Number of protein chains: 2
Amino acid sequence: MTASASSRLSIDDWTERALALLMDEGVGAIKINRLCRELGVTKGSFYWHFADLDAFLAAIAEKWCAETREALSGLSELHALPPLERIRAMALRLIDDRSWSVERALREWAKDDAKVAVVIVEADQFVFELVQAALLELGHSAQDARLRAGLLVYAGIGFAHGQASLPQPTADDIENLITFLSSEAQP
Amino acid sequence: MTASASSRLSIDDWTERALALLMDEGVGAIKINRLCRELGVTKGSFYWHFADLDAFLAAIAEKWCAETREALSGLSELHALPPLERIRAMALRLIDDRSWSVERALREWAKDDAKVAVVIVEADQFVFELVQAALLELGHSAQDARLRAGLLVYAGIGFAHGQASLPQPTADDIENLITFLSSEAQP
DNA sequence: GGCTGACCATACCTTAGGGTATGGAGTTAT
DNA sequence: ATAACTCCATACCCTAAGGTATGGTCAGCC
């Protein structure tokens with residue numbers, strides 16, 4: 001999986017390596033020469049597979065978008081679970097370590113790439129609507145569900161971007177958070 | 001205020017212009033040549049005032065840090081207000097339009113500059129502790145205050161980074177949010 | 001065996017942007 | 001007024017990084 005069996009490279013070999021780089025060091029680390037070095041190849045290879053840097057970045061975006069959309073559709077099966085479980089799944093997902101670097105790198109990238117921005121929005125919307133629906137199912141008012149779902153999603157985004165400046169939530173905190181978010185509204 | 005009266009430039013003229021650029025287009029837009037053009041000057045001037053780019057960025061960071069620290073200490077006088085008002089002030093600050101671009105640009109910059117990162121953390125902590133203290137004053141448990149204050153601050157950070165993907169909170173939403181955050185804990 | 005096309009190496013060009021050396025104009029001190 | 005200092009213009013250099021042109025190598029096919 002780390003490298004294809006063939007000595008020749010495929011488009012996926014390039015985009016895969018670039019995505020790894022993107023996660024680790026941000027979009028600024030994607031340099032043609034560097035990728036060539038890491039893949040044991042020269043620019044001749046790169047420009048055979050891709051017209052230019054923009055085309056390459058577009059290919060990377062495309063690959064990531066596809067992967068993300070697939071991951072999201074995988075989450076759709078959560079509809080079978082009870083509402084609270086769905087919210088818990090989303091909350092845990094927002095806390096997941098692996099998401100951090102992806103989040104930060106991609107949102108930074110989305111600033112320059114409309115296509116990436118669209119998928120970011122899609123992902124946010126997906127989580128938001130899922131939580132909102134769960135809260136509605138629990139009997140909350142429309143306004144209440146909207147507010148609380150928005151709060152959770154925004155907090156998740158913020159958590160990904162905070163530089164560990166604030167106390168990291170524990171598993172207990174998550175439980176309390178869910179309890180709080182699903183608590184009855186007071187008049 | 002837009003330009004100093006003298007035809008000669010001061011260090012503040014440079015850092016001020018750079019900060020404006022930083023807010024508008026991010027740290028990547030800070031180029032020496034461009035700043036020279038916008039200030040109607042050449043690189044000879046720049047390198048008289050600053051040793052190199054790093055020194056310049058350090059000066060910018062220093063200026064922004066000073067300004068931010070001052071703004072934070074200005075907020076300290078909120079201690080006189082009742083708890084709910086303090087929370088409202090913080091919530092409104094997190095929503096403030098002007099904060100967005102600053103937030104995003106600076107957090108991106110903080111990734112590379114430890115000094116900037118420190119002040120970002122300070123600012124986050126400041127708001128967090130203020131909200132937490134207000135909640136404690138309102139009779140919430142330590143755990144509860146920590147959870148809710150963290151939720152608000154993280155949501156604020158997330159709001160600054162979200163690409164307007166989710167519904168923008170209205171003034172009403174803020175009021176409901178404060179009511180929710182300060183609502184009694186349920187057993 | 002030789003041909004063809006996929007895949008890559010080598011060498012080079014070009015631009016952007018940081019950095020330097022030097023001189024000149026304006027100001028201030030003596 | 002002239003020496004000295006401040007502030008800036010001009011003209012360079014250097015490097016990184018995207019991009020191109022061209023030739024070479026290996027696989028598979030006839």
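Every chain is numbered from 1, with letters handed out A, B, ... down the list of sequences. The shown structure was predicted, so the numbers you read here are calculated from the model rather than taken from an experiment.
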Take atom [atom1] of [X] and atom [atom2] of [N], then tell me their distance rounded to the nearest Å.
X	N	atom1	atom2	result
A:R8	C:dC8	CZ	P	5 Å
B:F56	C:dG17	CZ	P	15 Å
A:Y47	C:dT14	OH	P	15 Å
A:D13	C:dC7	CG	C1'	13 Å
B:L57	C:dG18	CG	C1'	12 Å
A:D52	D:dG19	CG	P	5 Å
B:W14	D:dC7	CH2	P	13 Å
A:R34	D:dG18	CZ	P	12 Å

So if I take every side-chain heavy atom of [X] and compare against [options], which nucleotide ends up nearest?
X	options	value
A:I32	D:dG18, D:dT6, C:dG17	D:dG18
A:T42	D:dA9, C:dT10, C:dC7	C:dT10
B:N33	D:dG18, C:dG17, D:dC8	C:dG17

Taking 4.0 Å as the cut-off, does a side-chain nitrogen or oxygen of B:H49 come that near to OP1 or OP2 on D:dC8? yes
Can you find an N or O donor on one side and an acceptor on the other, under 3.5 Å apart, linking the side chain of B:K43 with the base of C:dG19? yes
So, using side-chain contact (heavy atoms from CB on, under 4.5 Å) as the criterion, who are the partners of A:K31 when residues are at least two apart? A:R34
Looking at CG of A:N176 and OG of B:S141, how far apart are the two atoms once the value is rounded to the nearest 0.5 Å? 8.5 Å
Decide, yes or no, whether a salt bridge links B:D12 with B:R17 under the criterion of side-chain N to carboxylate O below 4.0 Å. no
Are any of the side-chain nitrogens in A:E85 or A:R88 under 4.0 Å away from the carboxylate oxygens of its partner? yes
